[in-house]
> 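This structure is in structure tokens; I'll ask about it shortly.
Quick caveat: nothing in here was measured; it's all calculated off a predicted structure. Here is the naming used below: chain letters follow the sequence lines, and residue numbers restart at 1 for every chain.
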2 protein chains.
Amino acid sequence: MKYQELLKQHRLKATPQRMAIIELMYNAGHITIEELYQSIVKKFASISLATLYKNIHSMMDVSLIREVKVPGYKTKYEIEKSEHAHVMCTSCGELKDISLNPSSLLENRQFDLAGYKADDVAIVISGICPNCQKK
Amino acid sequence: MKYQELLKQHRLKATPQRMAIIELMYNAGHITIEELYQSIVKKFASISLATLYKNIHSMMDVSLIREVKVPGYKTKYEIEKSEHAHVMCTSCGELKDISLNPSSLLENRQFDLAGYKADDVAIVISGICPNCQKK
DNA sequence: GCAAATCTTAAAATTACTTTCAAAACTTTA
DNA sequence: TAAAGTTTTGAAAGTAATTTTAAGATTTGC
């Protein structure tokens, strides 16, 4: 199981609960705490929401996962991967990655960042997905 | 008071509570519900959080104000103004507008938006503000 | 295998947000 | 300008989201 490795690299203990979280998150792409809980409870009947929240935070602290806050919706979480942006459908709520590299977008322009030293760029584009456009 | 006009233009009644909300939001730039409540209660001792939430939502519905969700922090609200992006200091929490126009940024490049029809682009850059850099 | 460090869980607590409902404040309408 | 209708306010109760606590269980490095 590669997830075990992933956790160890980040100096976190590889508990079964954590591996399940990562697996679910990996398969879902983006997932809310609630969805995560619904799925994981099938495997670990006694898992507690506190465990989910705590693990989500430990993994965020070591940049293994990332929080995606979208206007008007619940926060979702994803495995950290190469930089990308998000499109969110305001009709059905689908969240999708797009391969727009946020920091390269800024690089070739000299924006006035008001003196800030930028570490991270989060881009969420809201719109209507192809499916909902048809309706 | 111009705030009265602003509300009427959006077909909302210009109640004193709403005008106070707008005024505070305008002066603060970006404000959380909690901060808003702390300030407004000084003027309207009996105002309820429910009123704040309700008014925030009415004003969002008519695009008078806008929700800004920032990774790791509480949701803030701002008066809708011309398009812009945000920088947020991960050290002190300060949120600042920068004059980067999100949609023009996308216009002159043909991004693959996975078939989405884009309505809105939210950009939040996280980093360290000039003040915190000194420390 | 053992000890140290870390993790899991239930339960309670806290914080965030929403709904309900009656009274008050406004707007119509005639 | 009074009655009728509509909207808003705010208290209270309700739901949802997140954190804390403390005790027992697991993982890891040696």
Side-chain angles (χ1 to χ4, degrees), chain A residues 1 3-24 30-62 64-65 67-77 93, chain B residues 1 3-22 24 30-62 64-77 93:
Chain A
M1 259 298 123
Y3 302 131
Q4 191 162 352
E5 264 315 296
L6 196 55
L7 282 162
K8 285 193 180 160
Q9 277 164 24
H10 290 88
R11 280 167 221 87
L12 289 177
K13 288 193 180 173
T15 67
Q17 291 88 338
R18 282 182 183 160
M19 291 194 275
I21 290 174
I22 296 179
E23 183 170 18
L24 283 166
H30 305 89
I31 198 164
T32 62
I33 293 272
E34 206 191 330
E35 291 159 348
L36 199 50
Y37 183 73
Q38 299 301 336
S39 301
I40 213 167
V41 101
K42 290 176 191 150
K43 205 168 184 176
F44 299 91
S46 80
I47 200 172
S48 136
L49 267 173
T51 305
L52 286 191
Y53 279 108
K54 279 190 230 180
N55 281 333
I56 291 283
H57 280 121
S58 325
M59 297 196 232
M60 284 207 291
D61 289 347
V62 298
L64 202 165
I65 66 181
E67 187 184 47
V68 188
K69 289 205 171 185
V70 280
Y73 289 84
K74 284 194 195 155
T75 300
K76 299 196 167 199
Y77 299 88
Chain B
M1 260 297 125
Y3 302 130
Q4 190 162 353
E5 263 316 296
L6 197 56
L7 281 162
K8 287 197 177 153
Q9 276 164 25
H10 290 87
R11 281 167 223 88
L12 289 178
K13 288 193 183 167
T15 67
Q17 290 88 340
R18 283 184 183 156
M19 291 194 278
I21 291 173
I22 297 179
L24 284 166
H30 305 88
I31 197 164
T32 62
I33 292 274
E34 205 190 331
E35 291 160 349
L36 198 49
Y37 183 72
Q38 300 301 337
S39 300
I40 213 166
V41 101
K42 289 177 193 149
K43 206 167 182 178
F44 298 91
S46 79
I47 200 168
S48 137
L49 266 173
T51 303
L52 284 191
Y53 279 110
K54 279 189 256 190
N55 281 332
I56 292 283
H57 280 120
S58 325
M59 296 197 236
M60 284 208 290
D61 289 347
V62 299
L64 201 165
I65 67 181
R66 176 194 285 265
E67 188 185 47
V68 189
K69 289 203 171 187
V70 280
Y73 288 84
K74 285 194 197 156
T75 300
K76 299 197 169 199
Y77 299 88

> Round to a whole Å and report the spacing from CD of Q38(A) to P of dA17(D).
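So the CD-P distance, Q38(A) to dA17(D), works out to 11 Å.
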> Locate the shortest heavy-atom distance separating K69(A) from K69(B); write the atom from each residue and the value.
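That would be CB-CB, 3.9 Å.
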> Measuring from F44(A):CZ to L52(A):CG, what's the distance to the nearest 0.5 Å?
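Reported value, rounded in 0.5 Å steps: 11.0 Å.
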> Atom CG of L52(B) and atom P of dT19(C): how far apart are they, to the nearest Å?
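It is 16 Å, rounded to the nearest whole Å.
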> Within the 4.5 Å heavy-atom criterion, are T32(B) and Y37(B) side-chain neighbours or not?
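The answer is no; the side chains never approach within 4.5 Å.
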> What does the B/S/- profile of nucleotides 10-15 of chain D look like, 5' to 3', with a 4.0 Å heavy-atom cutoff to protein?
BBB---
> Collect all protein-nucleotide pairs involving nucleotides 5-7 of chain D in which both atoms are nitrogen or oxygen and the distance is under 3.5 Å.
residue	atom	partner	partner atom	Å
dT7(D)	O4'	K13(B)	NZ	3.4

> Using whole Å, what does the distance between atom C1' of nucleotide dA5(C) and atom CG of L7(A) come to?
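Checked: the CG to C1' distance equals 16 Å.
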> Hey, can you pull the donor-acceptor pairs under 3.5 Å for the side chains in residues 9-21 of chain B, sequence neighbours left out?
residue	atom	partner	partner atom	Å
H10(B)	ND1	L6(B)	O	2.8
T15(B)	OG1	R18(B)	N	3.2
R18(B)	NE	N55(B)	OD1	2.8
R18(B)	NH1	K13(B)	O	3.0
R18(B)	NH2	N55(B)	OD1	3.2

> Anything under 3.5 Å between a protein N or O and an N or O of nucleotides 13-17 of chain C, put it in a table, one pair a line.
residue	atom	partner	partner atom	Å
dA16(C)	OP1	K74(B)	NZ	2.9
dC17(C)	OP2	Y53(B)	OH	3.0

> Round to a whole Å and report the spacing from CZ of R11(B) to C1' of dC26(C).
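It is 19 Å, rounded to the nearest whole Å.
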> If you fit an axis to the five pairs at each end of the helix from dG1(C)-dC30(D) to dA30(C)-dT1(D), how big is the angle between those two axes, to 10 degrees?
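Taking five pairs per end, the axes differ by 50°.
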> Counting just side-chain N and O atoms, does T15(B) come under 4.0 Å of either OP1 or OP2 of dT9(D)?
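Answer is yes, contact under 4.0 Å.
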> Rounded to the nearest angstrom, tell me the gap between atom CG in L12(B) and atom C1' in dA25(C).
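Atom-to-atom, L12(B) to dA25(C), this comes out as 16 Å.
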> Evaluate the side-chain proximity of T75(B) to V68(B): yes if any heavy-atom separation is below 4.5 Å, no if none is.
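Not touching, per the 4.5 Å side-chain cut-off.
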> Compare all side-chain heavy atoms of E23(A) with those of K43(A) and state whether any distance is below 4.5 angstrom.
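Of all side-chain heavy-atom pairs linking K43(A) with E23(A), at least one is under 4.5 Å.
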> Does OP1 or OP2 of dT8(C) have a side-chain N or O of N55(A) closer than 4.0 Å?
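Yes, N55(A) has a side-chain N/O under 4.0 Å of OP1/OP2 on dT8(C).
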> Look only at the side chain of T51(B) and the backbone of I47(B), and say whether a donor-acceptor pair between them is shorter than 3.5 Å.
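Not confirmed, T51(B) side chain does not pair with I47(B) backbone.
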> Quick one: CD1 on I65(A) to CD1 on I56(A), what's the gap to the nearest 0.5 Å?
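I65(A) atom CD1 to I56(A) atom CD1 measures 4.0 Å (nearest 0.5 Å).
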> With sequence neighbours excluded, tell me which residues meet side-chain contact (heavy atoms from CB on, under 4.5 Å) with K8(A).
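With sequence neighbours excluded, K8(A) shows a side-chain contact (heavy atoms from CB on, under 4.5 Å) to Q4(A), given in chain and number order.
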> What I'd like to find out is whether the side chain of M59(B) reaches to under 4.5 Å of the side chain of I22(B), using heavy atoms alone.
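Yes. Closest side-chain heavy atoms under 4.5 Å.
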> Is E67(B) reaching over with its side chain to a backbone N or O of M60(B), donor-acceptor style, under 3.5 angstrom?
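No, the answer is negative, given that no donor and acceptor are paired below the 3.5 Å cut-off.
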> Is Y77(B) close to L36(B) at the side-chain level, that is, under 4.5 Å between some pair of heavy atoms?
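No; the side chains remain at least 4.5 Å from each other.
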> Can you tell me how far the OH atom of Y53(A) sits from the OG atom of S48(A), to the nearest 0.5 Å?
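Rounded to the nearest 0.5 Å, the OH-OG separation comes to 10.5 Å.
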> Could you check how far NZ of K8(A) sits from P of dT27(D), rounded to whole Å?
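After rounding, the reported distance stands at 11 Å.
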